[in-house]
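This report refers to the structure that appears directly beneath it.
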Amino acid sequence: MTESPPPAPGGSTVGDPSRVEQRRLLRTEIPGPRSLEYAGRRAAAVSAGVSTMLPVYVVRAGGGILVDVDGNQLIDFGSGIAVTGVGNSAPEVVTRVREQLDAFTHTCFMVTPYPGYVEVCEALNRLTPGDHEKRSALFTSGAEAVENAVKIARYTTGRQAVVVLDHAFHGRTNLTMAMTAKNMPYKDGFGPFAGDVHRVPTSYPFREPAPITGQEAAARAISVITSQVGADRAAALVVEPIQGEGGFVVPAPGFLPTLAAWCSEHGVLLVADEIQTGFARTGTMFACEHEGVVPDLITTAKGIAGGLPLAAVTGRAELMDTVHPGGLGGTYGGNPLACAAALGAMTVIERDDLAAAARRIEATVLPRLHALAERCPSIGDVRGRGAMLAVELVVPGTTVPDPVGTGRISAACHRAGLVTLTCGSYGNVLRLLPPLVIPDHLLAEGLDILEEAFAG
Ligand SMILES: *Cc1c(COP(=O)(O)O)cnc(C)c1O
């Protein structure tokens, strides 16, 4: 049996420690026998097209710990892909959802509305960048929010072309597959894709053949838009301020502001896809704020509601209010339970200043990753912001991606009871997305495990 050392006195009170003890505990191999039993049943019942990073079957979770069916307690550096920033058992989320559940579960906002939807939109309008008049609309998944942002952009500009970046990820529906860059596994065999979507170069400092500034990288993208799309044909430029699935790519400073200025000059709507970066994840409420960029439209999901399915488009009132009634919506969009959860999650994020918590996580993790990179020639790059941090693995001395080595490190972490995720266009990025409420001792212990995985 492997256990965490006992937590330091005074630590470990975030999340809801009464629900899940904040310590790592391995009772079996990972995955254990009962998880393997479920894996067998899963193979007979669940489509093989749905993949799983780490097949431990979870029965409880909270703070920085996931508890599986074998009684193992794993440290969570994934947050269910940047979703449970407030943890899995934030009392504000649990209580509000429970109260809502007792009241009613669904009426459909398009049939008979309810206060929670309005309150979530008010909060989004207040929290998103820019002090202009805003409106929001709620949806169920991130891809759906991106689709609707494109609908709004096309409708309000009267233009049709959509511009996206290399290494982008925007979802798995037909339009968003077209917007997503990576073929395998997202697109392969699923075409034909939606038309009039155009990809232009991004800013990926580690992979530039020669160093260029953010302004130069933006000029490169703009030149492709101008020559291959036509500035007056482009409805929207959709960007992730830090690219998520594409490899936690932080653009060079100046890239986003230069693109934003060009968009506004040419009547192209700037859509910030903050589905992964939003809600304090990167150390500010939204990642655009790091460079003072104010998008016309912003898409959110993931961290918005502590794990309940909710997504949103927030944008300039004059754009959001132009679309005819009934043009936007969906049966489940802004479900009452999800709205209750979002109000709880946003309360926690603001009241407990989780943006500062994300900055503290960065201050703890980044120096250790840099020190690790000094010792490990397989680490080509260390990057990220706040609690969205990554290492990119390469063949030592080159920039040649090493997806196999990345998988090996990740698997070693999993065996030691640390949930890690990989990403990147080349599958060679190990990404760290701990809950923003993870106790310090679990963060430190997770990093110990990661370092051991590299040493082993
Ligand atoms: C996850 C993600 C999406 C898609 O969200 P789903 O809820 O999976 O549809 C879109 N954009 C970005 C940046 C994401 O990280």
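Computed from a predicted model, the values in this text were never measured in an experiment. We count ligands from 1, going down the list as the structure has it; atoms in each ligand are counted the same way. Because only heavy atoms are used, hydrogens play no part in the values below, and waters and symmetry mates are left out as well, while side chains stay in.
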Is the side chain of Asn428 donor-acceptor paired with the backbone N or O of Glu392 at a distance under 3.5 Å, no angle test?
no
Are the side chain of Lys302 and the backbone of Phe279 linked by a donor-acceptor contact shorter than 3.5 Å?
no
Please report the C-alpha distance between Arg126 and Glu350 in whole Å, then the side-chain angles of each, then the deciding distance to 0.1 Å, and finally whether the salt bridge (charged side-chain N to carboxylate O under 4.0 Å, His left out) criterion is met.
CA-CA 12 Å; Arg126 180 171 60 79; Glu350 279 197 283; 2.8 Å; yes
Out of all atoms in ligand 1, which are within 4.0 Å of some heavy atom of [X]? Include the element for each.
{"X": "Glu240", "answer": "13 (C)"}
{"X": "Ala143", "answer": "4 (C), 5 (O), 6 (P), 9 (O)"}
{"X": "Asp273", "answer": "10 (C), 11 (N), 12 (C), 13 (C)"}
{"X": "Ser141", "answer": "7 (O), 9 (O)"}

Any chance the side chains of Thr202 and Asp166 put a donor and an acceptor closer than 3.5 Å?
no
Is there a side-chain contact between Ile152 and Met320, using heavy atoms and a 4.5 Å cut-off?
yes
Region of Lys302 that comes within reach of ligand 1 [heavy atoms, distance under 4.0 Å]:
side chain
Atom 8 (O) of ligand 1: protein heavy atom closer than 4.0 Å?
no
So, 4.0 Å and heavy atoms of Gly244: is ligand 1 close enough to count as a contact?
no
Within-cut-off N or O pair, Gly142 and ligand 1, under 3.5 Å:
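Checking ligand 1 against Gly142, an N or O pair does fall under 3.5 Å apart.
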Verdict with supporting geometry, Tyr332 and Phe139, ring pair (Phe, Tyr, Trp, His ring centres under 6.0 Å)
CA-CA 7 Å; Tyr332 292 117; Phe139 305 98; over 10 Å; no
